[in-house]
Amino acid sequence: MNLLLPAFLAAGALIGLPILLHLLRRQPKQPVPFPSLRFLGPAALRDTRRQRILRWLTLLARCLVILLVAFAFARPFWPPARKGADRAVIVLVDNSFSMQAAGRNTSLATWLSRQLANLHRPDRLGVLLLHPTPAWLVPLGDDLAAGRAALRNLPTGYESSRFQPGIALAAAVLANTPAEHRQIILASDEQRLGWTGTDFAQPLPPGVELLTAPPAAPPARQAALTRLKITRTPDGTLHFDGTVRAFAPAVSKRAISFFADGKPLGGSVLELAAGAAQPLRAEFKLPPATPIFTVYASLDADDLTADDTAYAALPAEGERRVLLAPAAAGSETDYLAGALAAVRGGDLPSFRTAPLPVNAPWPSAAAVVLRGPAPFAEKSAAALDVLLQSGGSAWLLCDGSSAQSDWLARHGVSVKPIHAPAAGLTLRDLDLEHPLFAPFAGQSLAPLLTPAFTQGWSLSGAAVEPLARWPDRTAAIAEVAVSAGRLLVTGFDDRRETSTFPVQAAFVPFAHQAVVWLAGNDRASATSGRVGEALTLPGAGVWSVLNSPVAAAPLAVNGNVTPAAPGLYEFHGPGAPRRLYAINLDPEESDLSPWPAPADFDRLVSRKKPAPLALAADREAARARPADESSVWWWLLAAAALLLCAELGLANRTTP
Amino acid sequence: MAPLDLSLLASLPSLPLRSRYLVESYLTGLHRSPLKGTALEFAEYRNYQPGDDLRRLDWRLYGRSDRLHVKQFEEENQLRVCLVLDLSASLRYRSQPQLLTKLDFARTLLGGLSLLARRQHDAVGLALVGDTPSAADSGLVDYLPPRSSLAHHHALFSRLDQPPATRAAPLVEALHRLATLLPRGTLVVVASDFYTDLEPLRGAVRLFRSQHLEFVGLHVLDPMEVDFNDDSAGLFTDLENGHVIPLSAPAARAGYLKRFRAHCDALTGLCREYDGELVLQRTDADPLTTLAAYVAHRAHLV
């Protein structure tokens with residue numbers, strides 16, 4: 001039985017009133033002298049006891065009347081008979097590439113068919129694909145055939161495992177599903193990576209069970225190419241730098257082949273130890289004039305072939321240049337040039353810094369760093385405008401010079417000096433969503449908030465998009481849309497005299513990230529990405545496959561794309577050079593080891609008593625039903641009336 | 001009889017005054033006193049026979065008829081009355097302050113009867129029934145045999161005026177004892193609430209009849225005892241034995257009245273069975289009926 005208006009149950013608290021009155025009733029204490037108790041002996045005691053019982057019965061009747069009336073007004077109803085809503089099952093399908101390991105999908109499909117064998121109409125079945133984001137293959141419903149058909153051939157993908165979002169979605173759906181047994185079946189290999197980040201202390205809604213597949217058998221032979229970086233020296237030599245990680249067996253020899261633009265370059269043999277990362281290095285001498293754009297390396301096949309190939313794309317010549325305007329006159333140290341030159345090696349993209357061309361057009365492929373008044377002289381200002389009109393990017397470090405201010409004013413940006421206290425100005429209100437602060441957002445923001453500026457300029461204007469503010473909440477760092485280009489303006493410069501920022505550690509990653517972000521706006525540079533991660537594209541165009549294990553037709557995209565398979569891709573935008581992308585897999589997915597503590601799965605199942613099934617739905621149904629069909633409350637009112645009559649009779653038979 | 005002012009009766013400070021007021025109220029209400037001439041009453045004439053007392057010849061009749069006739073008078077009979085007062089603690093009860101306690105009411109009644117008897121030159125005795133230190137006394141705290149002298153009357157009144165306080169009263173034993181002490185033909189007026197077992201009392205009343213003693217019971221009761229219509233609830237305490245029971249009077253009323261009336265009916269039946277009489281006397285009712293009953297008895301005996 002459920003209640004349509006459960007708030008009326010609160011009126012049941014009114015039973016406290018008769019109870020209170022009953023308890024407050026004067027208890028006889030004073031002595032009453034009487035000539036003889038010979039006629040008031042046990043019989044009188046019995047009468048008195050009978051009166052007491054009558055009073056209690058009266059109290060009970062009063063309380064019941066109140067409770068029945070409150071209950072009646074709460075509109076109880078019996079939920080409509082659910083036709084066989086015994087089970088509601090949502091199968092979460094792990095389509096990460098680890099499921100491509102030999103035999104995993106087959107054994108999982110067999111296990112699933114056994115689990116779903118006793119599912120009959122009108123039980124409900126839904127199939128939810130876990131990656132990249134949870135998506136329904138078959139929405140939860142009574143079409144069991146569609147659900148079983150979807151599960152017969154489990155779809156595979158190249159995503160990395162992440163179970164929590166899918167489990168949360170399925171649990172939320174089941175929590176509102178009217179069924180006696182609600183179950184989530186996780187069709188997965190229980191990989192460690194998939195459970196990472198799951199809060200096992202946060203259980204599922206009460207009544208929702210979680211069934212996990214038995215752990216998959218460990219692979220007999222498994223290694224992965226987890227990293228590949230390619231560089232080309234001016235003499236034409238291709239340098240392959242990568243990492244191979246072996247997972248099984250303990251020691252094995254693996255052959256590796258290298259390819260450039262689809263043509264084999266050669267191969268080598270690596271001796272691998274389980275669990276250890278083995279560096280992979282190779283060089284191939286090619287004629288200097290040979291254009292090479294894409295390369296990949298492949299291990300010989302093992303139990304999981306998806307992670308045996310790694311891809312890389314070469315940037316075109318002349319890309320990744322930073323055109324740096326000269327430092328202010330009289331500066332002893334060019335901190336900005338030093339910061340940009342400090343990043344070398346590792347996975348971070350490096351830049352070749354060059355002085356800003358004078359009397360020559362500025363290439364739109366380069367990131368231009370503007371400081372001082374020189375870049376805003378007549379000819380330079382024209383080159384800057386052309387750069388921005390052609391979609392280029394620039395970073396302007398504001399020093400308050402009139403040339404800068406005038407140029408900015410022409411482009412809708414007003415620059416005003418800001419009063420700096422003795423302790424100096426600091427930054428605040430950083431836009432952590434912006435890529436400029438991405439390296440700091442995951443770490444600590446303190447290095448960006450502590451530098452003190454003795455000079456600063458506030459930025460304002462319609463085109464100004466603040467990324468950080470001064471203490472008076474005016475914009476200190478802003479992104480400005482100018483023509484087709486992108487302009488980053490900082491309300492401070494790189495001089496040591498005006499701030500402590502250039503000598504602080506945060507300056508290097510900040511400057512580097514600013515240039516990376518601006519260079520990312522370059523339409524001609526090659527880049528890389530991972531399967532399942534959204535990739536920002538420079539605009540509308542066609543996304544097509546160059547080399548991938550999954551064939552796909554060219555796809556029209558507009559601004560972004562989420563690659564579903566590893567490989568080499570190219571993007572063609574209208575009137576822009578092609579852009580090459582190397583998409584690789586998440587290397588952590590290659591570790592097929594299961595979650596080490598399966599007992600944690602039990603912790604996800606709530607021990608609380610499940611709420612009444614589909615209460616909300618039943619209430620809606622009860623509201624929709626004609627009044628004569630849910631007449632329980634009328635019966636309750638009638639019972640209350642009868643009890644009231646009984647109470648009157650009892651009250652009349654009791655003495656005050 | 002004029003109705004008696006009970007509040008005035010209760011406000012009178014002493015028992016003699018209350019008794020006198022009671023008797024005077026009774027006597028002034030009669031048109032013709034039934035007590036006049038009760039000492040020597042003419043009965044009939046009969047022919048003179050030798051040996052008759054010549055003083056009883058009616059000479060006037062002899063002058064008119066020339067025959068000798070002797071006057072015959074009915075014999076004068078002096079009534080002996082024994083007033084029995086129950087001194088048990090249950091008689092010290094009154095439910096309302098404007099009423100007399102049952103004991104005071106009974107003393108007033110007995111005092112009035114005593115005065116009436118005195119006026120008729122009847123012999124009046126008094127027995128006070130209560131706790132006695134010796135079992136041989138059979139509950140007779142004080143006993144004055146019936147006499148008609150003025151001194152005796154004063155002594156009776158003084159004992160009736162200040163009776164000793166006792167808790168229980170073995171009424172049955174006292175009646176048995178009185179049956180052996182009183183001469184035949186004595187009218188025994190017992191003022192009590194008769195809270196005693198009826199079977200022993202039956203034996204005593206039966207003994208009275210066998211001893212040719214007239215039994216009149218004055219069943220003195222408070223209105224609360226008769227109606228039990230109080231709303232009080234509390235710890236009811238027995239005045240005689242001190243027992244306490246917690247109860248609500250309204251709750252126990254029906255059962256009490258049923259049992260109490262059964263007791264009264266049985267008591268009345270018992271008295272009638274042995275030619276006795278039981279007069280119910282509420283302390284809030286006119287006590288003159290009691291005196292009328294007494295006089296009726298007196299007339300019956302004359």
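Below, read A as the first sequence line, B as the second, and so on, with proteins coming before strands; counting in each chain starts at 1.
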Those residues that, when tested against A:Val32, pass side-chain contact (heavy atoms from CB on, under 4.5 Å) (two or more places apart): B:Ser232, B:Phe236
Where A:Leu37 and B:Asp238 come nearest, the two heavy atoms and their spacing: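 So the minimum-distance heavy-atom pair works out to N-OD2, 3.0 Å.
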Closest non-hydrogen atom pair between B:Leu239 and A:Pro33, with its separation: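 What the structure gives for the nearest pair is CD2-CB, 3.8 Å.
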B:Lys258, part contacting chain A, at a heavy-atom distance under 4.5 Å: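 Answer is neither: B:Lys258 stays 4.5 Å or more from chain A.
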Residue-level contacts of residues 90-97 of chain B with chain A, using a heavy-atom cutoff under 4.5 Å: B:Ser90, B:Tyr93
A:Phe73 CZ: over 12 foreign heavy atoms closer than 6.0 Å: no
B:Asp197 and A:Arg38, any side-chain heavy atoms less than 4.5 Å apart: yes
Non-hydrogen side-chain atoms of A:Phe39 and B:Glu225 separated by less than 4.5 Å: no
